[in-house]
Structures are given as structure tokens and as C-alpha cells.
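For this chain, numbers begin at 1 and follow the sequence in order. Note that these values count all heavy atoms, side chains included, but never hydrogens, waters or copies made by symmetry.
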Amino acid sequence: MLVNIFLVALVASPLVAAHGKVSVVTGDAGGNTTALGIKGAVVPGTGSNSKTEVDTTVFNSVKAATNGLGKTTGGGKNTLAGMSAVVAQSGSTLPQVSSNGGTLSGTLHVVTTDGAGPFTAIVDPTGTGKFATGTQADVTTQVPGKNGNILPSGKVPRSVSRLFARMGLHKRAANVNKDFPFQVAIPAGTTCTGTAGGQTGVCLVKFANSNPAGPFGGVFAMQIAGGNTTTA
């Protein structure tokens with residue numbers, strides 16, 4: 001019992017460094033993007049916290065259906081104004097999703113052992129970060145993990161205790177440095193009404209795990225194919 005309490009406290013401790021970030025997303029009808037806060041589309045690999053964590057989005061609550069865009073250590077609080085930098089990096093065509101129920105496909109880069117899956121996807125049709133009133137979308141291709149944890153090998157641990165046994169109870173989560181595909185099915189009939197990065201008809205999607213050390217993930221923009229315009 002005492003061991004379990006210790007492990008829970010260690011996971012929740014601010015000394016634990018961990019993350020998983022959305023490095024690229026594409027729509028079934030074209031277009032691509034990165035998550036807010038990603039630095040120059042570069043995803044750091046192994047190394048010290050100062051090198052690997054700078055563009056990891058951290059959210060305030062383990063509940064995915066909560067408002068806000070999260071923050072990064074390198075850029076601070078994520079804002080809609082930051083979408084201009086995202087568009088500059090990935091091009092003016094955001095992921096385009098078919099109106100009859102299309103999909104978003106992406107890559108989740110797991111840097112350390114508690115930045116893993118499973119992940120939840122919430123669609124905010126207002127494009128403002130109001131995920132508390134958004135719609136949960138099905139994650140049809142899931143990132144592996146158990147309660148946000150994964151082994152350094154990339155395999156799913158049977159338990160948190162096993163994970164920390166393999167890590168030697170290090171305060172810093174071990175490096176994983178692996179990419180995992182994910183896919184999200186956007187509900188048919190979704191209407192996007194937001195404006196961001198010089199684009200209109202924008203929805204925001206929050207993709208987050210529930211690890212109490214974070215939680216981690218990212219927020220990215222999408223549009224319904226044929227239902228948007230470019231304003232800048």
C-alpha cells in the first residue's frame with residue numbers, strides 16, 4: 001500500500017518530466033498543420049529537459065473537456081494569435097476534413113515515458129478553445145499506453161509499478177523518443193465557425209492524455225472541406 005502511494009505521488013510530482021506532442025496532422029481531404037506551440041516544426045528527441053520539453057503542451061486538467069489551449073515551457077500560454085506562426089510553418093492550407101464524416105491523421109511524438117496514450121479528442125466548433133462544450137470525437141487509431149504511461153521500449157506497461165521498476169525509480173521519466181500514428185473521426189455534420197491564422201471556418205481539436213504529470217498533447221486547427229476561406 002505504501003509503495004502504491006509513493007508511486008502515485010511520484011507520478012504527480014513536478015520533478016517528473018514527461019511529454020508527448022502532436023508533430024503533424026493531415027486531413028482526409030488534404031492540408032496539414034502542427035499543434036500550437038511547436039517550435040519550427042522541430043520535435044526534439046532525447047536529451048535534457050531544457051531541450052526536449054520546450055514545445056510540449058501541458059493542460060490544466062486531466063479532463064479533456066475543459067477550456068483553454070494549454071501552455072509550453074518555451075512559449076508560455078498558447079493563444080489563438082500563435083496560429084499565425086503555425087500557418088507560416090506548415091502552409092496556408094489547414095487539414096481539410098470531408099463533411100460527411102472525414103478523418104484527421106497525425107503523428108504523436110512520445111519523448112518520455114508518461115507522455116503516452118490513450119488520448120482523447122475534443123472538437124471545438126467555435127475555434128476559440130471552448131472544449132468544455134465541444135464534441136468528443138472517436139480516436140480510431142490510438143496511441144499506445146496505460147494511463148498515459150509507456151515503457152522506454154515503446155511497449156505498454158502492465159502497471160505503473162512495472163514502469164517505475166524498469167526505470168529504476170528515476171525522478172525524471174525515461175526517454176522514449178518514438179513516433180506513433182493516430183487517427184480521429186470527425187462527426188458528420190460538424191460546422192466550424194472560428195477564425196484563426198488568417199483562416200475562417202476553423203475548428204480546434206484538443207488531443208490530450210490524462211496523465212496527472214501533465215496532462216500532455218496538443219491543440220490544432222482543422223476545416224471542413226469546401227466550407228472555409230482564407231482571409232490573409
Side-chain angles (χ1 to χ4, degrees), residues 1-26 34-35 38 43-49 51-53 55-66 70 72 103-122 131 136-185 205-220:
M1 180 64 178
L2 290 176
V3 172
N4 289 336
I5 292 173
F6 170 74
L7 289 172
V8 170
L10 186 57
V11 170
S13 167
L15 293 175
V16 176
H19 44 291
K21 64 189 76 175
V22 178
S23 55
V24 64
V25 182
T26 59
T34 63
I38 295 293
V43 181
T46 58
S48 64
N49 296 9
K51 293 180 180 179
T52 62
E53 290 188 332
D55 58 354
T56 298
T57 292
V58 183
F59 298 106
N60 291 328
S61 173
V62 294
K63 293 178 61 177
T66 51
T72 68
T103 59
L104 292 166
S105 300
T107 298
L108 193 287
H109 185 76
V110 178
V111 181
T112 52
T113 47
D114 44 3
F119 280 75
T120 299
I122 305 291
F131 298 108
Q136 184 168 335
D138 290 336
V139 181
T140 53
T141 300
Q142 185 60 264
V143 178
K146 184 179 181 66
N147 299 324
N149 298 295
I150 200 168
L151 294 169
S153 64
K155 295 183 178 180
V156 179
R158 293 180 181 175
S159 67
V160 176
S161 298
R162 182 187 176 201
L163 171 66
F164 279 96
R166 290 283 297 273
M167 289 170 53
L169 293 179
H170 291 167
K171 289 182 179 179
R172 187 187 190 279
N175 283 118
V176 177
N177 194 32
K178 295 181 184 297
D179 290 330
F180 296 96
F182 68 85
Q183 189 173 80
V184 177
V205 180
K206 180 179 181 179
F207 195 66
N209 72 7
S210 60
N211 198 305
F216 305 98
V219 173
F220 49 89

* Answer yes or no: is there a donor N or O on one side and an acceptor on the other, between the side chain of D138 and the main chain of T140, under 3.5 Å? => no
* To do: Look at the side chain of T107 and the backbone N and O of D179, then say whether any donor-acceptor pair between them is shorter than 3.5 Å.
  => no
* To do: I would like to know whether T34 and V25 meet side-chain contact (heavy atoms from CB on, under 4.5 Å); could you show each step before the answer?
  => CA-CA 6 Å; T34 63; V25 182; over 6 Å; no
Please give me the minimum heavy-atom distance between [X] and [Y], naming the atom from each residue.
| X | Y | answer |
| --- | --- | --- |
| V176 | T112 | CG2-C, 3.7 Å |
| K178 | S153 | CE-O, 3.0 Å |
| P157 | I150 | CD-CA, 3.6 Å |
| P181 | V143 | O-CG2, 4.4 Å |
| F207 | F119 | CZ-CB, 3.4 Å |
| V111 | K21 | CG2-CE, 4.1 Å |

* To do: Would you sort out whether N177 and H109 count as a side-chain contact (heavy atoms from CB on, under 4.5 Å), showing the intermediate values?
  => CA-CA 7 Å; N177 194 32; H109 185 76; 3.2 Å; yes
* To do: Name all residues meeting the side-chain contact (heavy atoms from CB on, under 4.5 Å) criterion together with S61; count only those two or more places apart in sequence or in a different chain, and write none if there are none.
  => K63, T66
* Structure fact -> Interatomic distance, CG@D55 vs OG1@T72, rounded to 0.5 Å, equals 7.0 Å
* Inter-residue atom distance F216.CZ - N209.CG, 0.5 Å rounding -> 7.0 Å
* Parallel, tilted or perpendicular for F220 and F182, by the 30°/60° rule? -> tilted
* Heavy-atom side-chain proximity of N147 to N211 below 4.5 angstrom -> no
* **Min side-chain heavy-atom separation P152-T113 under 4.5 Å** => yes
